[in-house]
2 protein chains.
Amino acid sequence: MKRVAESTIRRLSLYLTALEEIGARGTRTVSSEELAQLGGTTSAQVRKDLSVFGSFGKRGLGYSVAELTARLRSILGLGRRWRVCIIGAGKVGAALAQYPGFPERGFDIVAVYDTDPARIGERWGDLKVRDAASLEADSSALNCDIAVLAVPASAAQRMAERAVAAGVRAILNFVPVQLSVPRNVAVRNVNMAVELEALSFALTNRG
Amino acid sequence: MKRVAESTIRRLSLYLTALEEIGARGTRTVSSEELAQLGGTTSAQVRKDLSVFGSFGKRGLGYSVAELTARLRSILGLGRRWRVCIIGAGKVGAALAQYPGFPERGFDIVAVYDTDPARIGERWGDLKVRDAASLEADSSALNCDIAVLAVPASAAQRMAERAVAAGVRAILNFVPVQLSVPRNVAVRNVNMAVELEALSFALTNRG
DNA sequence: TCCTGTGAAACGGTTCACAGCC
DNA sequence: GGCTGTGAACCGTTTCACAGGA
């Protein structure tokens, strides 16, 4: 497949959210202009983004909401459910484990790990916190696609490597550390400090 | 001030995290190459990023860790504490209210709001959940700089407008909705669905 | 007429490469 | 000799503008 920009994927996801919203309201058809407003871009951008994957619209008419929704879901790989494990049973891990957005969007949390004996064995809803020592041993039974990393910075690289050894092919990293992983493993960083400091910068330099 | 790219600010924040780390280890001096590795970029990028704000290094020697840390903190506006309110006392709001990273980084949570009578009045540590109806009335007493938005999608735009009316000049938006606010209000979006779907895409198109 | 799809132009960010200073 | 600071070249993304189909 043709090289696709990171930013394009990000926007496709936003378009999908918008489409699901307007689909739920019963609207049948949408123009690139409307989609652009809902996604916070321009109509040309919407058309360019979609054109990477094909021609889904009808000239003079716009896009079928139902069809475009299905296309985007398929492009983004949402036609199946993904198996997710959370590594690190601290505050962030706990919040994520409870977050309904994961299962709603097709991401099932199938395990939670920690190294702290005080936490291992704790009941978290349907799950029990497992010993991170069994990460690799669990891999064939649990078969996780994605690891959510929420451990102290000092443990992040090591745990990422172990997750990869356990067969994980994507990492959602909440730790403010630059992970080094094989190129075939996808990593997304979520760094609250960066977001806060970007706001701080904006407030300082215009406010 | 010269126009600064979003991406530059994001990286400055990463450099700062790295610098604090290596400063704590007692290292006195750092080269753009080392900083690049810790921040996940290239040495040329580090130098370009810094050059926007001045010349902080010594040719042949590198950068003083202490001085560069101080400079970055100043550039990012971290020389003071910021007042933050959380709007929406649901799961996400609760998790954020407890998150130690906020106060550690200089962001004090001074209020939590909700519209649900069942939640209003609840004790959250030092805070009590306040009625969102009093947002504007509270503004002179609380004087929030930043609002963290964690409400249902249908309420997001309305609450953002009320936060702005209450004097907030920056919004950290956890709701998957494109907010429309005056241009002098800074907005950062944190959208978990986008991150997950980007991983899903990556898994589908190479895995 | 309306709106998509898409080459071409414009823009902005990244990388290169080297002069300049320690 | 080593490493910064920076103009210039490069490259990918966004915007423009319009041909073409409903």
Side-chain angles (χ1 to χ4, degrees), chain A residues 1-15 18-19 22 27-72 75 178 194 198 201, chain B residues 1-15 18-19 22 27-72 75 178 194 198 201-202 205:
Chain A
M1 178 176 298
K2 187 174 163 186
R3 165 112 182 68
V4 186
E6 188 84 355
S7 51
T8 299
I9 301 304
R10 165 169 291 270
R11 285 190 303 263
L12 291 186
S13 173
L14 295 174
Y15 303 152
L19 280 169
I22 66 181
T27 309
R28 306 292 286 279
T29 262
V30 67
S31 70
S32 56
E33 183 56 42
E34 295 167 291
L35 218 34
Q37 260 152 36
L38 295 165
T41 10
T42 64
S43 59
Q45 185 74 77
V46 170
R47 296 198 300 276
K48 257 288 195 281
D49 286 340
L50 296 177
S51 76
V52 176
F53 299 95
S55 305
F56 309 134
K58 294 221 189 322
R59 296 174 195 232
L61 271 169
Y63 303 87
S64 149
V65 171
E67 191 201 326
L68 189 55
T69 303
R71 295 293 197 130
L72 288 181
I75 291 165
Q178 191 61 32
V194 168
F201 176 83
Chain B
M1 180 177 298
K2 188 173 163 186
R3 166 111 182 69
V4 185
E6 188 85 354
S7 52
T8 298
I9 301 303
R10 165 170 291 270
R11 285 191 302 263
L12 291 186
S13 173
L14 295 175
Y15 303 152
L19 280 168
I22 67 180
T27 308
R28 307 292 286 279
T29 261
V30 68
S31 70
S32 57
E33 182 57 42
E34 295 168 292
L35 218 35
Q37 260 153 37
L38 295 165
T41 131
T42 65
S43 59
Q45 185 72 77
V46 171
R47 296 198 299 277
K48 255 290 194 279
D49 286 341
L50 296 177
S51 77
V52 176
F53 299 96
S55 306
F56 309 135
K58 294 222 188 323
R59 296 176 194 229
L61 271 169
Y63 303 88
S64 149
V65 172
E67 191 201 326
L68 189 55
T69 303
R71 295 293 196 129
L72 288 181
I75 291 164
Q178 191 62 32
V194 168
F201 176 83
N205 295 282

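We name chains A, B, ... by the order of the sequence lines, and we start the count at 1 in each one. If you're wondering where the values come from, they're calculated on a predicted model, not measured in any experiment. For the numbers below, each heavy atom of this structure counts, side chains included, while hydrogens, waters and symmetry mates do not.
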Discussion item. Please give me every residue in residues 55-63 of chain B whose heavy atoms get under 4.0 Å of an atom in DNA chain D, ordered by residue number.
Written reply: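 Within residues 55-63 of chain B, the residues near DNA chain D are B:S55, B:F56, B:G57, B:K58, B:R59, B:G60, B:L61, B:G62, B:Y63.
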Fill in: DNA chain D-proximal residues of residues 30-47 of chain B, any heavy atom under 4.0 Å
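Contacting residues: B:S31, B:S32, B:R47.
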Worksheet item: Over how many whole Å does the gap from B:K48 atom NZ to C:dG12 atom P extend?
Response: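 Nearest whole value for this atom pair: 16 Å.
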Item to complete: Using atom CD of B:E6 as one end and atom P of C:dT14 as the other, report the distance to the nearest whole Å.
Response: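 It is 12 Å, rounded to the nearest whole Å.
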Discussion item. Students should find this one: the first and last nucleotides of DNA chain D, 5' to 3', lying under 4.0 Å from a heavy atom of chain A. What are they?
Written reply: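 Going 5' to 3' along DNA chain D, contacts run D:dT13 to D:dA22.
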Discussion item. Run the salt bridge (charged side-chain N to carboxylate O under 4.0 Å, His left out) test against B:R10 and tell me which residues pass, sequence neighbours left out.
Written reply: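 In terms of salt bridge (charged side-chain N to carboxylate O under 4.0 Å, His left out), with neighbours along the sequence ignored, B:R10 is linked to A:E195.
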Item to complete: Quick one: closest heavy-atom pair of A:A36 and A:S43, and the distance?
Response: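 Scanning both residues, the minimum pair turns out to be CB-N, 3.5 Å.
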Worksheet item: Can you name the residues that form a side chain to side chain donor-acceptor pair (under 3.5 Å) with B:Q45, not counting sequence neighbours?
Response: B:D49
Practice prompt. Applying side chain to side chain donor-acceptor pair (under 3.5 Å), name anything that partners A:T41, two or more places apart in sequence or on another chain.
Written response: none
How would you list, by chain and number, every residue that makes a side chain to side chain contact (heavy atoms under 4.5 Å, CB included) with [X], sequence neighbours excluded?
{"X": "B:A5", "value": "B:S7, B:T8"}
{"X": "A:S64", "value": "A:A66, A:E67"}
{"X": "A:L68", "value": "A:L19, A:L35, A:L50, A:F56, A:Y63, A:L72"}

Discussion item. So A:L12 and B:F201, do their side chains get closer than 4.5 Å, heavy atoms only?
Written reply: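 Side-chain contact under 4.5 Å: no.
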Worksheet entry | Distance in Å, A:T42 OG1 paired with A:Q37 CD, rounded so as to fall on 0.5 Å steps | 11.0 Å
Fill in: All pairs passing salt bridge (Lys or Arg N to Asp or Glu O under 4.0 Å) where residues 30-48 of chain B contributes a residue, at least two apart
none
